[in-house]
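What you see is a predicted model, and the numbers here were worked out from it, not measured in a lab. All residue numbers in this chain count up from 1 along the given sequence. Values reported hereafter were calculated over all heavy atoms of this structure, with side chains retained and with hydrogens, waters and symmetry mates removed.
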Amino acid sequence: MPLEYRPNDPAVVADPFPLYARLRDEDPAHWSASLKAWVLTRYDDVKRVCLDTGGMSSDRLRPFFAALPGPEAARIAQLMRYLTLWMVFRDPPEHTRLRRLAAKVFNARSIHALRGEVETISRWLLDRLRERDEFDLVAEFAGPLPALVIMHMLGVPREELPRLKRLSDEMALFIGSARDAPDKYGRAEAATAEMAALFRDLVVRRRAHPARDLLTELVQVEDQGDRLSDDELVATCVLLLFAGHETTTHHIANGLRALLAFPAELARLRERPDLAASAVEELLRYDGPIGAQVRIVQQSQAVHGRAFAPGERVFLLMNAANRDPRAYQAPDRLDLQRHGVPHLTFGFGAHICLGFPLARLEGQIALPALLARWKTIELAAPRLEWIDSMVLRGMQAMPLRVRH
């Protein structure tokens, strides 16, 4: 059977790991005809590209928008306005500046201070499920938890959760998911405009009446006279909410699914919740929530004998790299006490995800809390539906059956 990476093949969406193994072994620098792009799957290759800020560019949206016909570009003006300001889509020096300012606020101190709030929200969500013996983990716990945490950080009222979840889902149509959805650009454009308006209003309020939240700190942050513009503030808030909750939702759900597939490891974490930190790193490695990152070739280079030309796209398949036997012993086995090289789920180097410490913290609190709440947890559906996305790896729903 010819080797071809088709990311929207239902079998690949459900379980990409057999194909990843073939790609790593047979064609580690793979040209995907369906993507019209290169695909890298080995750990060392993915890590090298993450570190190559000169030969590879993260600015993949501005060239895309620049190539659109005028009427089409005008139709998605808000997407262009805000997404091109996301630091994940910028190169140095713009990326360096945006990250430096955001990191003054979003740092280890501010994340550590959130532990109590994450624990409180986790308990509140679990208490709402107290009398239930079946529920959807994604809709009722893994989804709301990180969204509510980010909303707390930004001072967004809790009652806005359904609206922001809907807007985030609509934005995800453009950012890697549901590629065949009708009018995905128009729907993502409308959602971005609505979310931006919400945050722009909050920014105005915080300028007039500062509060004890991260949004106020972002409004006030300064570095040698440099500050975030209003558009940069709004874009950063949209990024924090979208990326900060989508990835952690799938991290928690994928993590529990992996534990259910390895009952001995589940029992180990239940008996020893002090293993939560190392367990979360292994769960992020084993089936992480980030399916791929994208780079644009800036300088001609050869990879495994294949010529990468300027302007070509390169897809870095993080979950493939995280299962590379060249980097990990028995990579398809879950081992909550594994030691070795760091996983690449959140990237590596200058573009490593700014919010990864928060995702770690939420996983370290949420997964032991789930195991402590119920004596028995099992899947309540014969098969799981996975989201159609290259950028995100997660389930549409995760029905569970539980017993105390």
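Note that CG of Leu198 and CG of Leu167 are 8.0 Å apart. Values are rounded to the nearest 0.5 Å. A distance of 6.0 Å separates CG of Leu83 from CZ of Phe89, quoted to the nearest 0.5 Å. One distance of note links CE of Met80 with CZ of Arg75; it measures 12.5 Å at 0.5 Å rounding. Here CG of Leu317 is found 9.5 Å from NE2 of His30. Values are rounded to the nearest 0.5 Å. Atoms CZ and CG, on Arg200 and Asp230 in that order, are 5.5 Å from each other to the nearest 0.5 Å.
Using a 4.0 Å cut-off between a side-chain N of Lys or Arg and a carboxylate O of Asp or Glu, Arg323 and Asp332 qualify as a salt bridge. Salt-bridge check for Arg42 with Asp44: failed, with every basic side-chain N at 4.0 Å or more from each acidic carboxylate O. Between Arg338 and Glu281 there is no salt bridge, since no side-chain nitrogen of the basic residue lies less than 4.0 Å from a carboxylate oxygen of the acidic one. A salt bridge links Arg206 with Asp213; the closest basic N to acidic carboxylate O contact falls under 4.0 Å. Between Arg383 and Glu385 there is a salt bridge, since at least one side-chain N of the basic residue sits less than 4.0 Å from a carboxylate O of the acidic one. A salt bridge links Arg285 and Glu282; the closest N-O separation between the charged side-chain nitrogens and carboxylate oxygens is under 4.0 Å. Between Arg163 and Glu194, at least one side-chain nitrogen of the basic residue sits less than 4.0 Å from a carboxylate oxygen of the acidic one, meeting the salt-bridge criterion. Contact check on Glu160 versus Arg166 returns no salt bridge, with no Lys/Arg side-chain nitrogen under 4.0 Å from an Asp/Glu carboxylate oxygen. Contact check on Arg81 versus Asp231 returns a salt bridge, with a Lys/Arg side-chain nitrogen under 4.0 Å from an Asp/Glu carboxylate oxygen.
Counting heavy atoms from C-beta outward, Leu228 and Leu98 have side chains that approach closer than 4.5 Å. A 4.5 Å side-chain heavy-atom check between Ser122 and Leu145 finds at least one atom pair inside the cut-off. Leu371 places a side-chain heavy atom less than 4.5 Å from the side chain of Leu256. Contact of the Thr84 side chain with the Asp59 side chain is not registered, since no non-hydrogen atoms from C-beta on lie closer than 4.5 Å. Residues Leu284 and Pro289 meet the side-chain proximity criterion, which asks for heavy atoms closer than 4.5 Å. Between Phe106 and Ile111, some side-chain heavy-atom pair lies under the 4.5 Å cut-off. For the pair Leu154 and Phe199, the minimum side-chain heavy-atom distance is below 4.5 Å. By the 4.5 Å heavy-atom criterion applied to side chains, Thr345 and Thr247 are not counted as neighbours.
There is a side-chain donor-acceptor pair under 3.5 Å between Asp45 and His304. A side-chain N or O of Gln337 and one of Arg268 form a donor-acceptor pair less than 3.5 Å apart. Judged by distance alone, the side chains of Asp91 and Thr53 never bring a donor and an acceptor atom under 3.5 Å apart.
Here the shortest heavy-atom pairing between Ala235 and Leu85 reads CB-CB, 3.7 Å. Here the closest heavy-atom approach between residue Met195 and residue Met171 is recorded as CE-SD, 3.8 Å. Residues Glu159 and Pro162 approach most closely at O-CD, 3.5 Å, considering heavy atoms. The two atoms that bring Leu233 and Leu218 nearest to each other are CD2-O, 3.4 Å, heavy atoms only. Across Gln298 and Met56, no two heavy atoms sit closer than the pair CG-C, 3.8 Å. The minimum heavy-atom distance linking Ser58 with His351 is given by the pair OG-NE2, 3.3 Å.
Checking side-chain atoms of Arg306 against main-chain N and O of Ala29 turns up a donor-acceptor pair under 3.5 Å. Panel note: side chain Glu189, backbone Gln78; a donor-acceptor pair is recorded below 3.5 Å. Judged purely by atom type and a 3.5 angstrom limit, Thr192 has no side-chain atom pairing as donor or acceptor with the backbone of Leu79. Thr96 places no side-chain N or O within donor-acceptor distance of the main-chain N or O of Pro92, the cut-off being under 3.5 Å. For Ser32 (side chain) and Leu35 (main-chain N/O), a donor-acceptor pair under 3.5 Å exists by modelled atom type. At least one donor-acceptor pair under 3.5 Å links the side chain of Asn322 to the backbone N or O of Leu344. For Ser34 (side chain) and Tyr5 (main-chain N/O), a donor-acceptor pair under 3.5 Å exists by modelled atom type. In this structure, the side chain of Ser110 engages the main chain of Asn107 through a donor-acceptor pair within 3.5 Å. With hydrogens and angles ignored, the 3.5 Å screen pairs no side-chain donor or acceptor of Thr216 with any backbone N or O of Arg212. Looking only at distances, no side-chain donor or acceptor of Glu265 sits under 3.5 Å from a matching main-chain atom of Phe262.
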> Step by step, would you call Arg97 with Asp226 a salt bridge (charged side-chain N to carboxylate O under 4.0 Å, His left out)?
Replying inline: CA-CA 9 Å; Arg97 171 184 166 269; Asp226 188 18; 2.7 Å; yes

> Should Leu392 and Glu246 be marked as a side-chain contact (heavy atoms from CB on, under 4.5 Å) after you check the CA-CA gap, both sets of side-chain angles, and the distance that decides it?
Replying inline: CA-CA 8 Å; Leu392 298 170; Glu246 290 281 351; 3.9 Å; yes

>> Evaluate Leu23 against Leu3 for side-chain contact (heavy atoms from CB on, under 4.5 Å), listing each step before the verdict.
In response: CA-CA 8 Å; Leu23 288 168; Leu3 188 57; 3.9 Å; yes

>> Run Val297 and Arg313 through side-chain contact (heavy atoms from CB on, under 4.5 Å) and show every step you take.
In response: CA-CA 6 Å; Val297 179; Arg313 293 185 302 165; over 6 Å; no

> side-chain contact (heavy atoms from CB on, under 4.5 Å) between Leu316 and Cys50: does it pass, once the steps are laid out?
Replying inline: CA-CA 9 Å; Leu316 311 177; Cys50 285; 4.0 Å; yes

>> Does Lys47 form a salt bridge (charged side-chain N to carboxylate O under 4.0 Å, His left out) with Asp52? I'd like the steps, not just the answer.
In response: CA-CA 9 Å; Lys47 181 179 176 181; Asp52 184 7; over 6 Å; no

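Taking the salt bridge (charged side-chain N to carboxylate O under 4.0 Å, His left out) definition, one finds that Arg295 meets it with nothing, sequence neighbours left out. Checked against side chain to side chain contact (heavy atoms under 4.5 Å, CB included), Asp136 has the following partners two or more places apart in sequence or in another chain: Val138, Ala139, Ala397, Met398. In terms of the side chain to side chain contact (heavy atoms under 4.5 Å, CB included) criterion, residue partners of Asp15 (sequence neighbours excluded) are, by chain and number, Phe17, Pro18.
The number of heavy-atom neighbours closer than 6.0 Å to CZ of Arg326, taken from other residues, nucleotides and ligands shown, is above 12. By the neighbour-count criterion of 12 heavy atoms within 6.0 Å, atom NE2 of His209 is sparsely surrounded, having that number or fewer from other residues, nucleotides or ligands.
A cation-pi arrangement, defined by a distance under 6.0 Å to the six-membered ring centre and an angle within 45 degrees of its axis, is absent between Arg90 and Trp86.
The only member of Asp133, Ile377, Thr376 that meets side chain to side chain contact (heavy atoms under 4.5 Å, CB included) when paired with Arg403 is Thr376.
Two rings, from Phe315 and Trp38, have their centers 6.0 Å or more apart.
Ring geometry, Tyr328 versus Tyr43: the interplanar angle exceeds 60°, so the pair is classed perpendicular (tilted spans 30 to 60°).
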